[in-house]
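Remarks on the structure that follows.
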Amino acid sequence: MSRMAGRRTPVSLPPGSTIGIVGGGQLGRMSAMAAARLGYRAHILTQEEDGPAAQVAAGITCGAYEDPEALRAFAAAVDVVTFEFENVSTEGLSLLAELKPVHPAPKILAISQDRILEKSFLNGAGVGTAPWAEVTDAASLDAAIAAIGLPAILKTSRLGYDGRGQARISTPEEAHAAFARLEPKPLVLEGFIDFACEVSVVVARGQDGQIASFDTVENRHKHGILDLSFAPARISEEAAASAQALGRKVAEALDLVGLLAVEMFVDRDGSLRVNEIAPRPHNSGHWTMDACPTSQFEMHVRAVAGLPLPPATRHADAVMKNLIGPDDMALWPEILATPGLIPHHYGKAEARPGRKMGHVNRLFPKGSLPGPFGITAALGPLGESA
Ligand code: AMP
């Protein structure tokens with residue numbers, strides 16, 4: 001009997017099994033904690049012996065993500081492999097895939113690591129993005145400006161994150177100056193979208209093709225880094241439903257097993273364009289830790305371990321505020337003393353500027369997410385930035 005595409009018989013890992021997580025940051029930490037709740041051990045491949053994930057894991061392999069010896073030792077210690085950040089080499093992940101099951105598949109990571117592959121894949125699957133063109137030299141930059149117009153954003157195709165590796169462009173002169181500066185090449189020129197807001201959907205897909213998708217959330221950035229997420233997004237029901245449909249469509253087109261965040265721009269007419277995808281737990285899904293019976297991290301572990309996926313229901317409205325660098329961490333004692341704030345600390349020793357140190361969730365009865373002033377008041381010591 002032939003199997004339907006994307007429908008595999010799930011192989012459930014029994015409790016006591018070991019989930020291997022490539023990457024030692026906060027997403028690995030929170031995934032490891034969710035794994036422990038389900039009776040699994042987490043084993044981390046990391047270069048930081050005392051990093052956020054290593055502190056809570058049952059074991060670690062300390063080594064470089066490209067080092068075949070470290071990769072082999074890591075594979076030998078685990079039953080299944082997943083990853084928590086995108087700058088792992090696909091070669092390294094493919095080596096792991098020869099030794100143990102890897103979810104999501106290395107080819108999905110490869111797509112998400114490269115804006116050119118990502119946008120080509122999305123457009124090929126019928127998913128709209130900002131207009132874009134590949135830029136490899138001065139002539140292709142001029143051609144891209146002529147085709148797309150200005151203002152625009154010039155981005156590196158690889159290795160950009162949290163707003164790094166990109167420049168907003170208003171004139172051809174600025175474009176050429178940014179082209180000279182931005183590395184690595186090639187670059188992508190994207191039309192500047194005058195969006196109404198940014199939203200994201202975190203969707204899990206199991207080995208059997210089952211999907212669980214968390215409600216659409218609205219995201220606000222500060223200095224290129226996520227600052228606040230509002231759940232649910234304050235957009236029309238139609239736009240929220242379209243965002244859900246897009247999340248599902250992308251997960252299915254990728255034949256995802258695991259977790260995927262799909263970040264989108266909502267245009268002023270309510271239409272949606274996908275900006276980026278990330279096949280891992282996502283900062284814009286941290287609200288699920290307190291507002292949902294099953295968090296994004298548990299959903300991630302369940303999908304990777306072949307467990308059933310419960311519906312991604314939400315029992316409360318929520319605001320998530322990131323705690324960035326020394327300024328926000330100076331408020332930690334006050335945050336702890338403020339009723340209603342739910343703190344999450346990543347265990348990082350040094351609060352450098354721009355570093356994600358933790359986050360705070362605040363819940364509201366379902367259907368009563370307050371407006372901006374109410375949110376500012378509800379965040380207590382953190383409220384000024386809301
Ligand atoms: P990215 O690294 O692509 O996620 O971009 C970081 C942030 O820059 C996004 O969350 C947006 O706020 C902004 N941005 C990126 N691309 C565009 C675009 N084409 N038009 C307008 N704003 C953008």
Side-chain angles (χ1 to χ4, degrees), residues 27 85-87 109 111-123 127-135 141 144-145 147-171 174-175 178-179 181-202 216-230 233-235 239 243 246-247 250 260-286 320-322 324 354 356 359 385-386:
L27 301 174
F85 84 141
E86 277 142 283
N87 294 337
L109 177 73
I111 290 170
S112 74
Q113 276 177 335
D114 184 319
R115 290 188 200 274
I116 294 169
L117 288 181
E118 183 179 65
K119 289 178 196 301
S120 305
F121 172 82
L122 290 167
N123 295 161
V127 173
T129 58
W132 66 279
E134 183 174 343
V135 171
L141 177 58
I145 293 171
I148 288 167
L150 295 174
I153 301 194
L154 195 58
K155 300 179 178 179
T156 58
S157 186
R158 300 178 66 85
L159 303 175
Y161 65 97
D162 284 347
R164 282 178 235 195
Q166 54 180 267
R168 194 169 158 179
I169 305 297
S170 305
T171 64
E174 277 176 17
F179 176 79
R181 186 163 39 85
L182 288 172
E183 288 295 344
K185 309 274 191 301
L187 307 181
V188 172
L189 189 77
E190 270 184 45
F192 184 81
I193 306 299
D194 181 24
F195 51 74
C197 68
E198 294 183 78
V199 299
S200 59
V201 169
V202 173
T216 309
V217 299
E218 182 180 337
N219 300 316
R220 286 232 226 114
H221 295 82
K222 214 157 92 183
H223 312 303
I225 303 176
L226 183 66
D227 180 36
L228 293 163
S229 293
F230 304 113
R234 298 167 300 179
I235 56 177
L246 270 181
V250 176
L260 176 79
V262 183
E263 295 185 73
M264 307 169 214
F265 300 137
V266 183
D267 281 16
R268 301 203 175 267
D269 64 3
S271 62
L272 298 168
R273 302 166 197 256
V274 172
N275 175 36
E276 266 192 330
I277 61 173
R280 54 168 172 78
H282 195 256
N283 198 164
S284 70
H286 289 359
M320 189 280 322
K321 165 93 177 96
N322 262 343
I324 308 287
K356 291 177 181 169
H359 68 271
S385 60

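Computation of the quantities below employed the complete heavy-atom set of this structure, encompassing side-chain atoms and omitting hydrogens, waters and symmetry-equivalent molecules. Numbering of ligands and ligand atoms starts at 1, following listing order. Predicted model only: the values in this text are computed from it and were never measured.
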Would Leu228 and Met320 count as a side-chain contact (heavy atoms from CB on, under 4.5 Å) here? Give the steps. CA-CA 5 Å; Leu228 293 163; Met320 189 280 322; over 6 Å; no
Report, one line per pair, each donor and acceptor closer than 3.5 Å where one atom sits in a side chain of residues 182-197; sequence neighbours left out.
{"from": "Glu183", "atom 1": "OE1", "to": "Lys185", "atom 2": "N", "distance (Å)": "3.4"}
{"from": "Glu183", "atom 1": "OE2", "to": "Lys185", "atom 2": "NZ", "distance (Å)": "3.0"}
{"from": "Lys185", "atom 1": "NZ", "to": "Phe179", "atom 2": "O", "distance (Å)": "2.7"}
{"from": "Lys185", "atom 1": "NZ", "to": "Leu182", "atom 2": "O", "distance (Å)": "2.7"}
{"from": "Glu190", "atom 1": "OE1", "to": "Lys155", "atom 2": "NZ", "distance (Å)": "3.2"}
{"from": "Glu190", "atom 1": "OE2", "to": "Lys119", "atom 2": "NZ", "distance (Å)": "3.0"}
{"from": "Glu190", "atom 1": "OE2", "to": "Lys155", "atom 2": "NZ", "distance (Å)": "2.9"}
{"from": "Asp194", "atom 1": "OD1", "to": "Arg268", "atom 2": "NH2", "distance (Å)": "3.3"}
{"from": "Asp194", "atom 1": "OD2", "to": "Arg268", "atom 2": "NE", "distance (Å)": "3.4"}

Checking heavy atoms under 4.0 Å, the part of Asn219 that sits near ligand 1 is neither
Does only the side chain of Glu198 get under 4.0 Å from ligand 1, or the backbone, or both, or neither? Count heavy atoms. side chain
For ligand 1, the portion of Ile193 having any non-hydrogen atom under 4.0 Å away: both
Nearest heavy atom to atom 17 (C) of ligand 1, choosing from Ile153, Val188, Thr129, belongs to Ile153
Scan side-chain atoms only and decide if Thr129 and Asn123 contain a donor-acceptor pair under the 3.5 Å cut-off. yes
Smallest heavy-atom separation, Glu118 atom then Asn275 atom, equals OE1-O, 4.0 Å
Glu276/Arg115 ion pair, N-O < 4.0 Å: yes
Is there a polar contact, in the sense of an N or O pair closer than 3.5 Å, between Glu263 and ligand 1? no
Any atom of ligand 1 sitting under 4.0 Å from a heavy atom of Gly191? yes
If we only consider heavy atoms of Arg168, is any one of them less than 4.0 Å away from an atom in ligand 1? no
Counting only heavy atoms, which portion of Glu118 has something under 4.0 Å from ligand 1: side chain, backbone, both, or neither? neither
With Asp269, which residues qualify under salt bridge (charged side-chain N to carboxylate O under 4.0 Å, His left out), at least two apart? none
Check each of Gln166, Arg220, His221, Arg273 against atom 6 (C) of ligand 1 and report the one with the nearest heavy atom. Gln166
Need the ligand 1 atom indices (1-based, order shown) with element for anything under 4.0 Å from a heavy-atom of Phe195. 12 (O), 21 (C), 22 (N)
Does Asp114 pair with Arg158 as a salt bridge, N-O distance under 4.0 Å? yes
